[in-house]
K.L.:
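Provided herewith is a single structure, encoded as structure tokens, for subsequent inquiry.
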Amino acid sequence: TRYGCTNNATTENDLTEKIITPLGGFPHYGEVNEDFLIVKGAVVGTRKRVITLRKSIVPNTSRVAAEEVTLKFIDTASKFGHGRFQTAEEKKKFLGPTKASA
């Protein structure tokens with residue numbers, strides 16, 4: 001995490017302190033250690049592709065574009081397997097003492 005930040009995935013509705021990187025990292029990418037931007041929708045191309053963001057030449061006047069986006073929840077569960085836990089502490093609490101931690 002960047003400079004020891006522990007709550008960059010916290011929203012107004014979800015006050016759980018968690019980082020944006022899911023448990024186990026993003027598939028075929030790893031951990032996000034730098035600044036990031038959340039994009040609605042999809043971005044085509046390979047992973048770690050450089051993307052150029054620019055201001056639109058024609059202003060978008062649709063009702064959807066004018067709406068203010070409010071994030072209620074950011075899913076940080078593992079993207080490998082079934083991904084049931086949002087934080088490592090939540091997983092440890094659920095599983096209890098394990099052989100590796102004893």
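Count residues from 1 along the sequence.
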K.L.:
State, to 0.1 Å, how close P59 and S56 come at their nearest heavy-atom pair, and which atoms those are.
P.N.:
N-OG, 4.5 Å
K.L.:
Determine whether V32 and I51 fall in the same hydrophobic cluster, where Ile, Leu, Val, Met, Phe, Trp and Tyr are linked whenever their side-chain heavy atoms lie under 4.5 Å apart.
P.N.:
no
K.L.:
Is any side-chain heavy atom of L37 less than 4.5 Å from a side-chain heavy atom of L53?
P.N.:
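The answer is yes; the side chains approach within 4.5 Å.
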K.L.:
What heavy-atom pair brings A77 and P22 nearest, and what distance separates the two atoms?
P.N.:
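Where A77 meets P22 most closely, the heavy atoms are O-CB, 3.2 Å.
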K.L.:
Could you go step by step and tell me if L23 and F85 meet the side chain to side chain contact (heavy atoms under 4.5 Å, CB included) rule?
P.N.:
CA-CA 8 Å; L23 292 175; F85 308 105; 4.0 Å; yes
K.L.:
For I74, which of D14, T16, N8, I20 qualifies under side-chain contact (heavy atoms from CB on, under 4.5 Å)?
P.N.:
I20
K.L.:
Run the side-chain donor-acceptor check on residues 87-96: report pairs under 3.5 Å with partners two or more places apart or on a different chain.
P.N.:
unit_1	atom_1	unit_2	atom_2	d
T87	OG1	E90	N	3.2
E90	OE1	Q86	N	3.3

K.L.:
Give the minimum heavy-atom separation between E12 and L15, together with the two atoms involved.
P.N.:
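Scanning both residues completely, I find the closest heavy atoms to be O-CD2, 3.7 Å.
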K.L.:
Could you check whether N60 and S62, counting side-chain N and O atoms only, form a donor-acceptor pair closer than 3.5 Å?
P.N.:
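S62 vs N60: donor-acceptor pair found between side chains.
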K.L.:
Heavy atoms only: give me the nearest R49-V44 pair and the separation to one decimal.
P.N.:
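Taking R49 first and V44 second, the nearest heavy atoms are NH1-O, 2.8 Å.
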K.L.:
Examine F36 and L71 and state if one hydrophobic cluster contains both, with Ile, Leu, Val, Met, Phe, Trp and Tyr joined whenever side-chain heavy atoms are less than 4.5 Å apart.
P.N.:
yes
K.L.:
So do N7 and I19 actually touch side chain to side chain, heavy atoms under 4.5 Å?
P.N.:
no
